[in-house]
Amino acid sequence: MILTEDSQGNVWLSKYDTTAELNEAWELIIQNTYPVGEAV
């Protein structure tokens, strides 16, 4: 499960059937949070 919060303060719970689906979703979160080429 992944909990996220949007800019309006709404909280969302996402459930995944497999570890692979969870890992894929988590990777998308990481990519959107820290885009390639952006200094961390």
K.L.:
Could you tell me the separation between the CG atom of Leu28 and the CG atom of Asn23, rounded to the nearest 0.5 Å?
P.N.:
11.0 Å
K.L.:
With sequence neighbours left out, what residues match Thr4 under side-chain contact (heavy atoms from CB on, under 4.5 Å)?
P.N.:
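side-chain contact (heavy atoms from CB on, under 4.5 Å) check on Thr4 returns Ile2, Trp12, Ile29.
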K.L.:
For the residue pair Asp17 and Glu21, what are the closest heavy atoms and their distance?
P.N.:
N-OE1, 3.0 Å
K.L.:
Please write out which residues are connected to Leu13 in a hydrophobic cluster, directly or through intermediates, given that two of Ile, Leu, Val, Met, Phe, Trp, Tyr count as joined at side-chain heavy-atom separations below 4.5 angstrom.
P.N.:
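Members other than Leu13 - counting any ILVMFWY side chain reachable under 4.5 Å - are Met1, Leu3, Val11.
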K.L.:
Under 4.5 Å between side-chain heavy atoms, counting indirect links through other Ile/Leu/Val/Met/Phe/Trp/Tyr residues: same cluster for Ile30 and Leu22 or not?
P.N.:
yes
